[in-house]
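Because only heavy atoms are used, hydrogens play no part in the values below, and waters and symmetry mates are left out as well, while side chains stay in. Chain letters run A, B, ... following the sequence lines, proteins first, then strands; residues in each count from 1.
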Number of protein chains: 2
Amino acid sequence: MPAPNLTEAEIVEAALRVIKQDVVDALSMRRLSRELGRSQMAMYYYVADKSALLDLVAAAALGDIAIPDPADGPWDARLRALITNIDEQLRTHPGVGEVLLDRMLSTDRRILNAAMEILLEGGFGDEDVLMAYATVHTYLFGRYRVISSPPPHGDDRAGDTVARLVTRLPSLSGRDFFEFGVDTLVAGLRERVARRRS
Amino acid sequence: MPAPNLTEAEIVEAALRVIKQDVVDALSMRRLSRELGRSQMAMYYYVADKSALLDLVAAAALGDIAIPDPADGPWDARLRALITNIDEQLRTHPGVGEVLLDRMLSTDRRILNAAMEILLEGGFGDEDVLMAYATVHTYLFGRYRVISSPPPHGDDRAGDTVARLVTRLPSLSGRDFFEFGVDTLVAGLRERVARRRS
DNA sequence: ACCTGAACACCGTTCAAGT
DNA sequence: ACCTGAACACCGTTCAAGT
């Protein structure tokens, strides 16, 4: 006997399970139904289509992202913390990165609001807030894409700069790359505010 | 009579045509063969599989990216120019953005080399060059993803920061967003080098 | 050398039906 | 209310064959 009625929580959980153990694209309507012991059409009772399913999963992941408290420090530290939290979720569920970021822009206003308020406090004008947020968002979009891609396997053709530098790769961790990136981004934003003030 | 033998140039051209007029995912082996008036299997004579086809398209697009001449100015101006050129190609062929960037890392060393040499000249140490390049690359990856996505359609729920700021959107162009992003990134990198020197 | 045809294992999705 | 089964129009790809 196949367990009783499905709940949204069970569906999301199963979806995350599939995404985690297999590759991203392994999540299909049919595959998910199989995972839950139903016929290939069972999901369509709970969810309108595949994009709605992904929305469901993304909403769950978004809820886990903590928003730094104003008491936590100056605007740039809080921005950095928020970016780190989002990145954390992207790394935990790399499969839904795209939908997660899309949803952040459209349906879920919580994080977008938090980010923009931090930027306003930082001293950006209204239009600059939009562009600054877009810059951060774009970077995060890139992160989720880059996250689980293989390292640039050195062809080791002697003589070129790449070949020489690539030998340094083993001493750098994913964390190093992330921190360099966020620090650079935040430093760039800080500099823009400073220049605007003068 | 279906034209004589196909050439790689014709295939790439047809692929770009399909990508341009339809959505990204419209490019399929079968669709491309149809476009060229052959049977669904014809492409497999010229190309090992779909990823090889995309490689072909990406290689063509990569060749069009110009590398700024050392005489063109200081390192940061040249980095900015190179990023602009890459972004240009991403916007021209949004469909192959992912493969294009992947190829830049793996098979095609030309642009990677140029970028890293610019960063070396800028005064970055070996490891910092790698991380700085990764930051730029990540940003570009995000760009290609964000490029043709719809604007954050305002739900217009009164009271929140987002709703207020979104009204400013119409006065900003895609170019504004791009320039803000690159400038921020380059400013951040400049600041890191400066700090390293002191 | 340059393909074509049939077939397999996958998709998302619609539509009608079953308990 | 909670599904199931069959069917349609798509995929990428293998394998054997046709000219």
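Atom P of nucleotide C:dC2 and atom CD of B:E8 are separated by 12 Å, given to the nearest angstrom. Remark: P of C:dC10 and CG of A:L32 are 16 Å apart, rounded to the nearest angstrom. Residue A:M43 contributes atom CE, which lies 14 Å from atom P of C:dC11 at whole-angstrom precision. One atom, CG of B:L53, and another, C1' of D:dC11, lie 14 Å apart when rounded to the nearest Å.
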Walk along nucleotides 12-19 of chain C from 5' to 3' and tag each nucleotide B, S or - by protein heavy-atom contact under 4.0 Å, base first, then sugar-phosphate.
BBBB----
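Closest of all the heavy-atom pairs between B:M29 and B:M43 is O-CG, 4.0 Å. Contact between A:G181 and B:T135 at its shortest, heavy atoms only, is CA-OG1, 3.4 Å. Taking both residues in full, the closest heavy atoms of A:D49 and A:Y44 are given as CA-CE2, 4.2 Å, listed atom of the first, atom of the second, then distance.
Checked for salt-bridge contact, A:D76 and A:R190 meet the test: a charged N lies under 4.0 Å from a carboxylate O. Using a cut-off of 4.0 Å between Lys/Arg side-chain N and Asp/Glu carboxylate O, B:D72 and B:R78 are scored as not salt-bridged. Looking at B:R192 and B:D128, no side-chain N of the basic residue comes within less than 4.0 Å of a carboxylate O on the acidic one, giving no salt bridge. Taking the charged nitrogens against the carboxylate oxygens, A:D87 and A:R91 do have a contact shorter than 4.0 Å, which makes a salt bridge.
In DNA chain D, consecutive stretches of 3 or more Watson-Crick or G-U wobble pairs with both distances under 3.5 Å are given as paired ranges: C:4-8 with D:12-16, C:12-16 with D:4-8.
Side-chain nitrogen and oxygen atoms of B:Y45 include none within less than 4.0 Å of the OP1 or OP2 phosphate oxygen of C:dC3. Proximity of A:R34 to the phosphate of D:dT4: no side-chain N or O atom is located under 4.0 Å from OP1 or OP2.
Counting only distance, with no hydrogens or angles, the side chain of B:E10 and the backbone of B:T7 share a donor-acceptor pair below 3.5 Å.
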